[in-house]
Amino acid sequence: GNSVTQMEGPVTLSEEAFLTINCTYTATGYPSLFWYVQYPGEGLQLLLKATKADDKGSNKGFEATYRKETTSFHLEKGSVQVSDSAVYFCALSERDSNYQLIWGAGTKLIIKP
Amino acid sequence: ETGVTQSPTHLIKTRGQQVTLRCSSQSGHNTVSWYQQALGQGPQFIFQYYREEENGRGNFPPRFSGLQFPNYSSELNVNALELDDSALYLCASSSSHQGNTQYFGPGTRLTVL
């Protein structure tokens with residue numbers, strides 16, 4: 001079945017450091033890929049998405065590129081801020097499963113000033 | 001444009017009781033999905049409703065049931081509450097006309113004592 005694997009956290013960085021959170025997936029068809037972010041005590045916010053191979057999603061300085069050849073969708077940001085501290089979830093959905101979201105386990109990001 | 005709203009924000013119940021959680025979908029969205037998120041874990045898909053009918057279900061027992069109304073709002077009902085039902089319950093809405101991207105509400109925190 002479909003699955004998403006993301007790097008375990010927590011990831012601790014200093015402010016202005018470069019961020020990469022790895023995400024790989026297994027899917028039978030052609031999924032859409034997502035990154036959601038969850039701030040402490042809040043619900044999930046869509047951060048960015050990509051719906052086909054080689055698409056790049058971007059938002060708030062974060063980027064991720066849909067790589068079909070490596071089945072990956074790694075999240076990157078050039079210069080992180082303390083306010084980026086949150087849990088980041090990678091997810092996929094496919095038409096064949098009624099677009100049900102399949103989630104990674106989440107990666108907690110801690111940014112120190 | 002109004003986003004996804006959920007009520008109540010917090011709820012405390014005792015084992016064996018029944019609970020109803022509510023969700024109003026984002027304007028223009030016709031699909032609602034429910035997820036359970038235990039503390040420190042990723043969301044787990046409960047079920048999805050499209051045009052007032054269940055359109056997919058995760059690995060949850062029948063005591064988890066739902067409804068979708070003509071205005072696309074939704075309810076999640078849980079009977080015979082168990083301690084392990086303590087979690088954040090997240091509702092997401094989406095539209096089959098807008099790429100099926102899911103947008104989440106703030107969640108309802110259920111505590112079962």
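We use all heavy atoms of the structure for the numbers below, so side chains are in, but hydrogens, waters and symmetry mates are not. By convention in this document, chain letters (A, B, ...) are assigned in the order of the sequence lines, proteins followed by strands, and residues within each chain are numbered from 1.
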Please verify the inter-ring angle class for A:Y66 with A:F73; under 30° counts as parallel, over 60° as perpendicular, anything in between as tilted.
perpendicular
Honestly, the part of B:Q41 sitting under 4.5 Å from a heavy atom of chain A is backbone
What's the shortest heavy-atom distance between B:Q68 and B:N30, and which atoms?
NE2-O, 3.3 Å
Please determine, among B:P43, B:G105, B:A92, B:S94, the option with the most heavy-atom pairs under 4.5 Å with chain A.
B:P43
Under 4.5 Å heavy-atom distance to chain A, tell me which part of B:Q6 shows up: side chain, backbone, both or neither.
neither
Indicate, with yes or no, if A:L46 and A:L101 share a hydrophobic cluster defined by side-chain heavy-atom contacts under 4.5 Å among Ile, Leu, Val, Met, Phe, Trp and Tyr.
yes
Indicate the atoms forming the closest heavy-atom contact of A:K60 with A:Q45, along with that distance.
NZ-OE1, 4.1 Å
Considering only NZ, NE, NH1 and NH2 on the basic side and carboxylate oxygens on the acidic side, decide whether A:K112 and A:E15 come within less than 4.0 Å.
no
Any non-hydrogen side-chain atom of A:S93 less than 4.5 Å from a side-chain atom of A:I102?
no
So which of A:S97, A:G106, A:G43 has the largest heavy-atom pair count under 4.5 angstrom toward chain B?
A:G43
So which of A:E42, A:Q38, A:K108, A:R95 has the largest heavy-atom pair count under 4.5 angstrom toward chain B?
A:Q38
Structural part of A:F89 lying under 4.5 Å from a heavy atom of chain B
side chain
Tell me, out of B:V4, B:N55, B:L88, B:T31, who's got the most heavy-atom pairs with chain A below 4.5 Å.
B:N55
Side chain, backbone, both or neither: which part of B:Y35 has an atom under 4.5 Å from a heavy atom of chain A?
side chain
